[in-house]
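Here is the naming used below: chain letters follow the sequence lines, and residue numbers restart at 1 for every chain.
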Protein chains: 2
Amino acid sequence: MKRERLEEVAEILDKRGKMTLEQLEEAFPDVSQMTLRRDLSQLEEDGRVIRIRGGAMSVKEVQKVSGEAYTKKTTVNMDAKIVIAQKAATLIDEGTSIFIDGGTTAMYLSKEMPDIKCNIFTNGIAVAMELAQKKNVDITVVGGQLMKDNLSTSSPAAKEYFNNTNFEIAIVSALAFTPEHGFSCNSQTESDLLKQVFRKARHVYMMLDSSKIGKINPYTFAQLEDIDVLITDDVFPREYKALFEQNDIVVM
Amino acid sequence: MKRERLEEVAEILDKRGKMTLEQLEEAFPDVSQMTLRRDLSQLEEDGRVIRIRGGAMSVKEVQKVSGEAYTKKTTVNMDAKIVIAQKAATLIDEGTSIFIDGGTTAMYLSKEMPDIKCNIFTNGIAVAMELAQKKNVDITVVGGQLMKDNLSTSSPAAKEYFNNTNFEIAIVSALAFTPEHGFSCNSQTESDLLKQVFRKARHVYMMLDSSKIGKINPYTFAQLEDIDVLITDDVFPREYKALFEQNDIVVM
DNA sequence: GCTCCTTTGTTATTATTTAACATTAATTTA
DNA sequence: TAAATTAATGTTAAATAATAACAAAGGAGC
């Protein structure tokens, strides 16, 4: 109930750019002003909205106003990534030990995830910061050199460390996929780390939005047979879907 | 006169990200609040600033906020910490290898720091995210369990890792200090980590705002003789200053 | 010097936000 | 399932901030 409303408020603000509290009250006649205020506070904490006197403004709008092209990866295929992340979030059970990577999809996943008792290992510091808001989640961050483009860390030492760690699930995404080259990324040490994670994980879930298909990145970290479940969006090509299913991969 | 001030207001806002009117008044003691308000109105029309209740925010900051998970923890003694951080930032030279801790003062330090070639090791993920914006800085994040209150990580494995790492400078802060109990924090593993860092650092700089004095936290990680330079604010008690200087510590 | 115009300061008014508490709904636990 | 706990919402009063309106001060041009 609250969750949905929050989402709606964010959406209408993204659409209209800027609204006064009065306008928001008109749009949501069933809740009090105070509740809307509280919603805005929360959206502000999530970085989706800026509160201004008398109302609020969507961050998207601010970016437009400032005239700067916002070239971050966070916007590429963002809607698909959110849907994928929401789906993945439903697969997380209480008490499990999970590895999550540091990609943008993982970032959305950590936002959507329920606040349940579980152990999460991640190499994404943005993911870690997001998860830090959930009080039941225990977080362990992989150490190592930070890559500035995707805010993820990796190191040979971390790979060693994971020798004696086990995961129920590893939820990762790739920067690129082709049937011949498998799933690939752009960092050697990250690739090594992920290979090690897969060795220790009981199930591997791959989040792959369709924009990644047909692309190749330098370091392959997984082939079709390494993964168990594929979570993707609805424009995922049919022939690829068949290919995955032939390899006993559940496609969602 | 007006033009210059407008420019200055815009600059300081770009730098500090967000300021209350009160802070602006401190920064511009010669003009009235109303004038500053009018300045903000104008900057808002120019699209350089977003006015929020109680102050304003630079558009640049808004863009950052939208990318990051924004954990707002408006700090106690924030002004003192900023001054301390600014001072500490001047002590960083090109090409050095530096350890920075994960405290809030360190967070401000990473904002104020120049974008020069250097290697920074940190156990603070908020610090790491901030530094990620500087393209010349090479960042290594300490791995381990994340403490949600201060967004810092630590682990015995990280301590091992630092056995073969050297630092020119370690810049840290403490949660508490008394002459008898030394510098203390609230985490055993973090304390262990810092002790190890001090062993490998040529110089240790301690950032300590005066609100920390006379307090005690459970884990002592350093005594007076372990540190070389103390960076503090101007309400630091005189008798403590003498005490530090007796121990060959430079007080700034 | 004066006059017009811009900038700044002061105060009173208005509007918005926060805080505090009461109430209801939802979740957990026994 | 009911009781207990926690989270969400609503209501009101109090605090806070923003605006408006006007007065005063500073400058530029004559």
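One N or O on the side chain of B:Thr220 and one on the backbone of B:His181 form a donor-acceptor pair closer than 3.5 Å. Of the possible polar contacts, one joining the A:Thr232 side chain to the A:Leu208 backbone as a donor-acceptor pair under 3.5 Å is found. Remark: side-chain polar atoms of A:Lys200 are not paired, donor with acceptor, to backbone N or O of A:Asn164 under 3.5 angstrom. Put simply, the side chain of B:Lys159 never gets that close to the backbone of B:Asp192: no donor and acceptor are under 3.5 Å apart.
Between A:Arg5 atom CZ and C:dA26 atom P the separation is 12 Å, expressed in whole Å. For B:Leu21 and D:dA18, the CG to P distance is 6 Å, given to the nearest whole Å. Whole-Å rounding puts the A:Glu25 CD to C:dT16 P distance at 10 Å. To the nearest angstrom, C1' of C:dT8 lies 13 Å from CG of B:Leu6. Rounded to a whole Å, the CG atom of B:Asp39 is 7 Å from the P atom of C:dT8. Atom CD1 of B:Ile52 is separated from atom P of D:dT16 by 17 Å (rounded to the nearest Å). At whole-Å resolution of the value, CG in A:Leu36 and C1' in D:dT11 are 15 Å apart. Distance B:Asp30 CG to D:dA25 P: 18 Å, rounded to the nearest Å.
Closest to the side chain of B:Ser32, out of D:dG10, D:dA18, C:dT10, is C:dT10.
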Taking N or O atoms only and anything under 3.5 Å, show me the protein contacts with nucleotides 18-20 of chain C, one pair per line.
unit_1: C:dT18; atom_1: OP2; unit_2: A:Arg51; atom_2: NH2; d: 2.9

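Phosphate contact (OP1/OP2 of D:dG10, side-chain N/O of A:Thr35, threshold under 4.0 Å): present.
Judged as a salt bridge (Lys or Arg N to Asp or Glu O under 4.0 Å), and not counting sequence neighbours, the contacts of B:Lys241 are B:Glu245.
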**Request:** Just do the ring-ring contact (aromatic ring centres under 6.0 Å, His included) check on A:Phe167 and A:Phe99 with the steps written out, would you?
**Result:** CA-CA 7 Å; A:Phe167 310 111; A:Phe99 179 89; 5.8 Å; yes

